[in-house]
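Since the model is a prediction, treat every value here as computed from it, not as a measurement. Start at 1 and go down the list; that is how both ligands and their atoms are numbered.
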Amino acid sequence: MAQRVAVSDGAAGSRRTSRVRVAVRLRPYMEPQDEKREGPCVRGLGPQKLEIINWRNATETLQYQFDVFHGEQSTQQEVFLTSVKPILPNILHGQNASVFAYGPTGAGKTHTMLGSQEQPGVITRAVKEVFRLVEAQKKDLDGWEYSVGMSYLEIYNEKVLDLLSPGSQDLPIREDKDRNILIPGLTLTPLSSFTDFDTHFIPASLNRTTASTKLNQRSSRSHAILLIKVVKSQRGPPHRQQTGKLYLVDLAGSEDNRRTGNQGIRLKESGAINLSLFTLSKVVDALNTGAGGRVPYRDSKLTRLLQDSLGGSAHSVMITNIAPEYKYYFDTFSALNFAAKSKQIVNRPFVRETVLAPTITTVKRTREEQEAGGSGEHQNKKFKEGKKAEQSPSPPIHPHSSPDSSVLDRLLALEKMMMGSAERERLNLLKTVAQSRKEIQMLKEKQKELEDKANKFNKQNENESKDALLFKTDLPLLHRKQSTVAKPRKQQAVVTPLQVSQVQPLQQCAVVCKPSQFLDKKKKRVQTEVGQGKENGGPDPPSAVDVNWESHLDSALLEQSRRKILQTLNSGSLKDLKSLQLIGDKKAKLIMGWREIHGDFTQVEDLKQIECITVKRFSSFIKANILSSMGK
Ligand code: ADP
Ligand code: MG
């Protein structure tokens, strides 16, 4: 096997890890009338900078800096010359390189990578350049022979499929002893010229797009990976051999698949895609921050495959494609956050000549608010208030489809996940603690109030209950059973005592018992929260979890409660999640973050996959919630 020459090969143990260069390309408007009507929500500020309107506050813009910014006027040739050509000579020296196009569907990834006959993209230009470089070396008579080959594959639903051999099965990804990544069984077609490449590549790419009946859906959900391999062999002894690999990747669309309404089986696809893209973001992040920690290449097929060509001694470029239209706003925003490691909030309106300036009161955010990022609910409220301002000729963002609160919640979770710095984490944690303290205080007051009411009510009832019970004993048995066994909801337990009339003694009786149960439960919750100190950092809750508690319960009811919990986990808002037992603000946000990445929970047990939810915590959670929903 040919050996890959790593820059660090001479110095064992001091492996150099190179950064991934990040370029952003903004495509032009597709419909000129859209541009006239709405104006862009994102625009360039120079060769490296761009700004986007702040979705939280239209009087601010968010400015981002990248290695390169390609504006809407940029040509295919400019993108190639600036972002791709400089890395290609390395392939002829036994090093690896990768170029990948990232961004939402419709933002220009395929245009950038593949292009058209009239405007060929990176693939055509890069392959031509590789052949030009090889020819130049041959003329130099440097004592080496060069051979070029290609493979073309697709990762779809975390399966590796050979596009040069249609109908092939999922291929394995392996690593040899020199840490080269290999795919046994993958077709490698030898190429003698660019024309030769075209002959194989064109039918294979058609193959890719016609393989599925719903071609757009599939091609925007799969990663298309072209590999150009250059093997350099020494003519004379010692007959050394070096292999350089170039990966040219058209990634799956980064859009939020759930927001675009994908459901059912496609949810699984979007989950898989998100996993690969999410892992890619973690890999790029780990490489670019150079923290020296583990780079999670193995967490997805895409990153595993690119392992020897992304970071390390490889040369990598990510071209993030974005679109100017408002309907892409949220996807553009998350793509930029994926690509950027820093952003700056600038206090100036995004002035558009084609759109009237918003009339919402300009509330300058305090520094503290900016740093803390604001709590979800607060920001939501602010946004909703902004939306209510009917007289505003231009809402803060997204004039076409106003985002619902779940989108905003997800954005907050996303932003937190992607932009989360230690400082922000610390501030958020402090906020969570302060909030929990406030809640505990409120609960204590409420508890006292309810105890007083219950005592008063108890006394009042002592004399009346006997007669009332006698009066009601001729009620059908079922009714009695319902009011004593079937558990009234929390709210009933708290509110009904003040509303019951004399003619409902059995309910009264039930209610008389309820407040103390309710209070006990509240007390327990308060104790747990106090005991834990903070939601995630504290020890596991005291293990009062009786392992057999489920066996005493009716299995149909048990199933029903589990379904209800699952439903809340999958579609509940932040507030709904927080209404679950043992779920506070932090865990609720983590649950939302998990949903963001993996799609729906298939069973409540999936909760254990969330970092802070240990097996023990999960048992407490499930018990508390099932008992609470059954009213035990
Ligand atoms: P994606 O692959 O990200 O889904 P496409 O590359 O298919 O997006 O682009 C969507 C549409 O926009 C296509 O019609 C494409 O030709 C056009 N387009 C994308 N980028 C540009 C550009 N820079 N200049 C002109 N047209 C573009
Ligand atoms: Mg595409």
Peer 1: Please check if the side chain of D162 supplies one atom and the backbone of T187 the other of a donor-acceptor pair under 3.5 Å.
Peer 2: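 Checking the backbone N and O of T187 against the side chain of D162, a donor-acceptor pair under 3.5 Å is found.
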Peer 1: Identify, for atom 4 (O) of ligand 1, the protein heavy atom at the shortest distance, and state residue, atom and that distance.
Peer 2: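 Result: G106 N, 2.6 Å.
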Peer 1: Evaluate the ring planes of Y152 and F201, with Trp represented by its six-membered ring, and classify them as parallel (under 30°), tilted (30 to 60°) or perpendicular (over 60°).
Peer 2: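 Y152 vs F201 ring planes: tilted.
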Peer 1: What do we get for P104 next to ligand 1 when only non-hydrogen atoms under 4.0 Å count, side chain, backbone, both or neither?
Peer 2: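 The answer is the backbone.
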Peer 1: In the protein, which heavy atom is nearest to atom 13 (C) of ligand 1, and how far is it?
Peer 2: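 Ranking protein heavy atoms by distance from atom 13 (C) of ligand 1, first comes M30 SD, 4.7 Å.
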Peer 1: For ligand 1 and T110, I'd like to know whether there is a polar contact (N/O to N/O, distance under 3.5 Å).
Peer 2: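 Looking only at distances, the answer is yes, because the N/O contact criterion of under 3.5 Å is met.
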Peer 1: Among D176, I181, L182, find the residue that satisfies the side-chain contact (heavy atoms from CB on, under 4.5 Å) test when tested with D308.
Peer 2: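 Considering D176, I181, L182, a side-chain contact (heavy atoms from CB on, under 4.5 Å) with D308 is found only for I181.
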Peer 1: Say whether G103 and ligand 1 are in contact under the criterion: heavy-atom distance to a ligand atom below 4.0 Å.
Peer 2: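 No; G103 lies far enough from ligand 1 that no heavy-atom distance drops under 4.0 Å.
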Peer 1: Please verify the inter-ring angle class for Y329 with Y326; under 30° counts as parallel, over 60° as perpendicular, anything in between as tilted.
Peer 2: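 Answer is parallel, since the angle falls under 30°.
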Peer 1: Indicate yes or no: does an N/O atom of G108 lie under 3.5 Å from an N/O atom of ligand 1?
Peer 2: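 The answer is yes, given that G108 and ligand 1 share an N or O pair closer than 3.5 Å.
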Peer 1: Tell me whether T105 reaches ligand 1 (any heavy atom closer than 4.0 angstrom to a ligand atom).
Peer 2: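 Yes, T105 has a heavy atom closer than 4.0 Å to ligand 1.
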Peer 1: Of the listed options (Q73, K109, H111), which comes nearest to atom 21 (C) of ligand 1 when hydrogens are ignored and any heavy atom counts?
Peer 2: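 Nearest heavy atom to atom 21 (C) of ligand 1 lies in H111.
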Peer 1: Is it the case that Q307 and R298 place a side-chain donor and acceptor less than 3.5 Å from each other?
Peer 2: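 Distance-only check fails for Q307 and R298.
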Peer 1: Go through the side-chain N and O atoms of S83 and H70 and say whether any donor and acceptor fall under 3.5 Å apart.
Peer 2: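 The answer is yes; a qualifying pair exists.
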Peer 1: Do you see an N/O/S atom of T110, backbone or side chain, under 2.8 Å from the Mg ion (ligand 2)?
Peer 2: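 A backbone or side-chain N, O or S atom of T110 is under 2.8 Å from the Mg ion (ligand 2).
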Peer 1: With a 4.0 Å cut-off, would you call R132 and E135 a salt bridge?
Peer 2: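 A salt bridge is absent here (no side-chain N lies under 4.0 Å from a carboxylate O).
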Peer 1: Does E175 reach the side chain of R304, with side-chain heavy atoms less than 4.5 Å apart?
Peer 2: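 Yes - at least one pair of side-chain heavy atoms lies under 4.5 Å apart.
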Peer 1: Would you call S116 a ligand 1 contact, heavy-atom distance under 4.0 Å?
Peer 2: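 No; S116 lies far enough from ligand 1 that no heavy-atom distance drops under 4.0 Å.
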Peer 1: So which bit of R25 gets within less than 4.0 Å of ligand 1, heavy atoms only: side chain, backbone, both or neither?
Peer 2: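 Looking at R25 and ligand 1, just side chain atoms fall under 4.0 Å.
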